[in-house]
Amino acid sequence: MTAAAPHPPAGLDLGYARVSTTKQSLERQLEALTAAGIGGERIFTDKRTGATVDREGLAALLKYARAGDTIVVHTLDRLGRNLREVLNLVHDLAERGVGVRSLADPLPINTADEGMGRIAFLLLALFAEMERTFTAERAANARAVAEAKGRHVGRPVAHPADRIEYARLLKAQGASLGAIAAKTGIPKTSLHRYLTAVEPAA
């Protein structure tokens, strides 16, 4: 956004949009904030990964916000990278008299509302954290099952160049893939990649 205009005395809706990588687009979030009646001069943005909430756009927004204002986001997770960040930020804003409202969460949030708004916020944050936990558990379980079946999960294991050259020599001598794997200790899947790779011309 451009430099924000002087803050009027009345409470404002202030927009915030964030994407976690430079390859993602802010367009959908900006369209939602504009449709909610927030002008471009009141929308703050960040478009890079950050380990903390100390991001340039968010920092400017927090500096600009006054008691009675409401920070509007497309979804609550735009405010932070994890549950703790979001909870801490919303708590700090509440102490300053600044509300938070989301537009597209399964349970739309408005912490400026007493009672149900705050309960909905806490439930949504809890569900988001639970989903992250379940996703991590599913990934760990899939990894354990694959490893139990003898399959490697993750990035391919790098092998020494001399072993790869030895494997190519054995292939040139007519050895089978199984025999090459047994002699070099390189799995067949990796051998296939190494032995079919186009070697650079001399």
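Along the sequence shown, residues are numbered consecutively beginning with 1. What you see is a predicted model, and the numbers here were worked out from it, not measured in a lab.
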Separation between CG of Asp105 and CG of Asp77, rounded to the nearest 0.5 Å: 7.0 Å

Lys188 side chain to Gly178 main-chain N or O, any donor-acceptor pair under 3.5 Å? no

Would you say the side chain of Gln29 lies within less than 4.5 Å of the side chain of Arg78, judging by non-hydrogen atoms? yes

From Ser102 atom OG to Ile71 atom CD1, the distance as rounded to the nearest 0.5 Å: 13.0 Å

Verify side chain to side chain contact (heavy atoms under 4.5 Å, CB included) between Leu103 and Val73, making sure each step is shown before the conclusion. CA-CA 6 Å; Leu103 301 174; Val73 291; over 6 Å; no

Is atom CD of Glu27 surrounded by more than 12 heavy atoms (other residues, nucleotides or ligands) closer than 6.0 Å? no

Go through it in stages, so that I can follow the logic: the residues are Lys171 and Ile180, the test is side chain to side chain contact (heavy atoms under 4.5 Å, CB included), and I'd like the CA-CA distance, side-chain angles, deciding distance and then a yes or no. CA-CA 7 Å; Lys171 179 188 177 185; Ile180 298 173; 3.9 Å; yes

Please report the interatomic distance CG(Leu93) to CG(Leu79), rounded to the nearest 0.5 Å. 7.5 Å

Quick check against the 3.5 Å criterion: does Arg96 have a side-chain atom that pairs as donor or acceptor with the backbone of Ala65? yes

Look at the side chain of Arg66 and the backbone N and O of Gly97, then say whether any donor-acceptor pair between them is shorter than 3.5 Å. no

Least distance between heavy atoms, Arg55 atom then Glu85 atom: NH1-OE1, 4.3 Å

With rounding to the nearest 0.5 Å, note down the distance linking CD1 in Ile164 to CZ in Arg193. 8.5 Å

Donor-acceptor pair, side chain of Thr45 and main chain of Ala17, under 3.5 angstrom: no

Does the side chain of Tyr166 come within less than 4.5 Å of Lys183's, by heavy atoms? yes

Does either side chain, that of Tyr16 or that of Asp46, offer a donor lying less than 3.5 Å from an acceptor on the other one? yes

Say whether, by atom type as modelled, one donor and one acceptor occur between the side chain of Thr184 and the main chain of Ala167 under 3.5 angstrom. no

Compare all side-chain heavy atoms of Ile43 with those of Leu14 and state whether any distance is below 4.5 angstrom. no

Salt bridge (charged side-chain N to carboxylate O under 4.0 Å, His left out), that's the test. Do Glu165 and Arg168 meet it? Break it down for me. CA-CA 5 Å; Glu165 288 304 317; Arg168 288 174 177 159; 3.0 Å; yes

I'd like to know if the side chain of Ser190 and the backbone of Ile186 have a donor-acceptor N/O pair within less than 3.5 Å. no

Going from OG1 on Thr111 to CZ on Arg101, what distance comes out if it is rounded to the nearest 0.5 angstrom? 10.5 Å

Would the distance check show the side chain of Asp69 and the main-chain N or O of Asp13 forming a donor-acceptor pair, the cut-off being under 3.5 Å? no

Heavy-atom nearest pair, Val72 first then Leu33, reads O-CD2, 3.4 Å

Spacing of Leu12 atom CG and Ile38 atom CD1 [to the nearest 0.5 Å]: 10.0 Å

